[in-house]
Protein chains: 2
Amino acid sequence: MTSEVLARALNTNPVVVRRLMGGLREHGYVHSEKGHGGGWTLSCQLDQVTLRDIYEALDAPRLFAIGNRSEETECLVEEVVNHAMSSVLTDVKAQFLARFGQITLAALHADFHQKLAERFSGGLT
Amino acid sequence: MTSEVLARALNTNPVVVRRLMGGLREHGYVHSEKGHGGGWTLSCQLDQVTLRDIYEALDAPRLFAIGNRSEETECLVEEVVNHAMSSVLTDVKAQFLARFGQITLAALHADFHQKLAERFSGGLT
DNA sequence: GTCTCATGTAACTTCATGTGTTGCTAGAGT
DNA sequence: ACTCTAGCAACACATGAAGTTACATGAGAC
């Protein structure tokens, strides 16, 4: 499948697709071929890859929209608040990673097929 | 304490301070007085207010930097992925709120005084 | 060999969002 | 009146994500 086709499916741009897929390729989850007949192919077992793997392959983008203003500060109040918040955010991020680490692509694949079946068996809306 | 003084302490602007404090005032955590001699005063018990209360008083700003592209979609794949992610993010947010709900301002106040004491008793760096 | 089709990548533009700023109004004390 | 304060709307700026353009490189088709 080419970046062009993927981009249309995702309502975005082929270059954006390549940027994202680049991370997945570096981790061996997909493979790309240049030239005529080229494009992207899957190169992993769906039950061996989790959302966490993908999150990390995508360079683990910032998870929280909130956080410390600065790491180093002279201000004792800021220091105390930073410490309290960081502590919570660190733990919560660990929870997040753990949960994502339990969701395999195979599971999502199965969900997808179930929904697909529902749609064909009268579940049309 | 005036917005002006707070702004200097926080390295920001008095108007920004008023914007933030506005949320706290609506919830009764602080009180403001206009005019000469006016400014902000604390109007709550420190052990009755948690970081969660403050987070919510500040209109519960967006917590996560990631999330669904759109809520409604025709795409079954997107739907499946959205569902999986939303489920995790919802749970993780609940964890976050629970943790913040256990941190009172009184606790932070105590931390602050401890650090202050350390700094005076030879803990200088 | 060269033409076409695909990825790879850098540089730039656009957009969304949060932060900072200005200007003005209103209230409260001197 | 005068000064000092919050309240508020409107605008400007900064940041980072997403989208776009342009061009180089590699691989098959002819």
Side-chain angles (χ1 to χ4, degrees), chain A residues 1-44 54-71 73 75 78 81-82 85 89 93, chain B residues 1-44 54-71 73 75 78 81-82 85 89 93:
Chain A
M1 190 169 283
T2 66
S3 305
E4 171 69 27
V5 171
L6 280 170
R8 269 202 295 269
L10 298 170
N11 287 313
T12 181
N13 190 288
V15 179
V16 175
V17 171
R18 289 188 196 113
R19 272 211 287 257
L20 292 173
M21 299 292 275
L24 301 183
R25 186 188 50 227
E26 287 170 15
H27 287 255
Y29 303 141
V30 296
H31 174 74
S32 65
E33 292 272 358
K34 283 184 171 179
H36 211 124
W40 301 92
T41 48
L42 200 57
S43 61
C44 64
I54 292 180
Y55 170 75
E56 287 169 345
L58 263 31
D59 273 329
R62 218 185 45 174
L63 177 58
F64 298 110
I66 66 175
N68 299 344
R69 278 201 134 195
S70 57
E71 286 311 318
T73 176
C75 172
E78 186 176 359
V81 175
N82 279 354
M85 295 222 321
L89 292 182
K93 178 163 187 173
Chain B
M1 190 170 283
T2 66
S3 304
E4 171 69 27
V5 170
L6 280 169
R8 268 204 296 271
L10 297 170
N11 288 312
T12 183
N13 189 288
V15 180
V16 175
V17 171
R18 291 190 193 111
R19 273 211 286 256
L20 292 173
M21 299 293 275
L24 301 183
R25 185 188 50 227
E26 287 171 15
H27 286 254
Y29 303 142
V30 295
H31 175 74
S32 64
E33 291 272 359
K34 283 184 172 181
H36 210 124
W40 301 92
T41 49
L42 200 57
S43 61
C44 64
I54 292 181
Y55 171 75
E56 286 169 345
L58 263 31
D59 273 328
R62 218 182 68 216
L63 178 57
F64 297 110
I66 65 175
N68 299 344
R69 278 203 134 194
S70 57
E71 287 309 319
T73 176
C75 173
E78 186 176 359
V81 174
N82 279 354
M85 295 224 319
L89 292 182
K93 179 163 187 174

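Proteins come first, then strands; the chains are lettered A, B, ... in the order of their sequence lines, and each starts at number 1. Owing to the predicted nature of the structure, the values given are computational and were not obtained by experimental measurement.
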Checking only heavy atoms, does the side chain of B:Arg19 share a donor-acceptor pair with the base of C:dG20 at less than 3.5 Å?
yes

Taking only N and O in the side chain of B:Thr2, is any of them less than 4.0 Å away from OP1 or OP2 of D:dT5?
no

Which is true for A:Gly37 with a 4.0 Å heavy-atom rule: it touches a base, it touches only sugar-phosphate, or it touches nothing?
nothing

Grab the CD1-C1' distance between A:Ile66 and C:dT17 for me, whole Å please.
16 Å

Nearest-Å distance for atom pair CG/P, residues B:Asn13 and C:dT21:
5 Å

Under 3.5 Å, is there an N or O donor on one side and an acceptor on the other linking the side chain of B:Arg62 and the base of C:dG18?
no

Whole angstrom is fine here: how far is it from CH2 in A:Trp40 over to P in D:dA27?
15 Å

Is a side-chain donor or acceptor of A:Ser43 paired with a backbone partner of A:Gly28 at a separation under 3.5 angstrom?
yes

Which residue lies toward the 5' end of DNA chain D, B:Arg69 or B:Gly38, if each is placed at its nearest nucleotide?
B:Gly38

Return the value, rounded to whole Å, for the distance between atom NZ of A:Lys34 and atom P of D:dA29.
18 Å

Is there a side chain to side chain contact (heavy atoms under 4.5 Å, CB included) between B:Val30 and B:Thr41? Walk through the geometry before answering.
CA-CA 6 Å; B:Val30 295; B:Thr41 49; over 6 Å; no

Phosphate-side-chain proximity, A:Ser3 and C:dT7, N/O vs OP1/OP2 below 4.0 Å:
yes

Tell me: CG of B:Leu20 to P of C:dT21, nearest whole Å?
14 Å

Can you measure B:Leu10 atom CG to C:dG20 atom C1' for me and round it to whole angstrom units?
14 Å

Whether the B:Thr2 and B:Trp40 side chains hold a donor-acceptor pair (N or O, under 3.5 Å, no angle test) is what I'd like checked.
no

Would you say a side-chain N or O of A:Arg18 is under 4.0 Å from OP1 or OP2 of D:dT21?
no

A:Asn68 vs A:Met85 side-chain heavy atoms within contact, under 4.5 Å:
yes

Go nucleotide by nucleotide along DNA chain C from the 5' end; which of A:His36 and B:Val15 gets its closest nucleotide reached first?
A:His36

Gap between atoms CD and C1', on B:Glu4 and D:dT3 respectively (whole Å):
15 Å

Note, B:Phe64 side chain near B:Lys93 side chain (heavy atom, < 4.5 Å)
yes

Rounding to a whole Å, what distance do you find between B:Asn11:CG and C:dG20:C1'?
13 Å

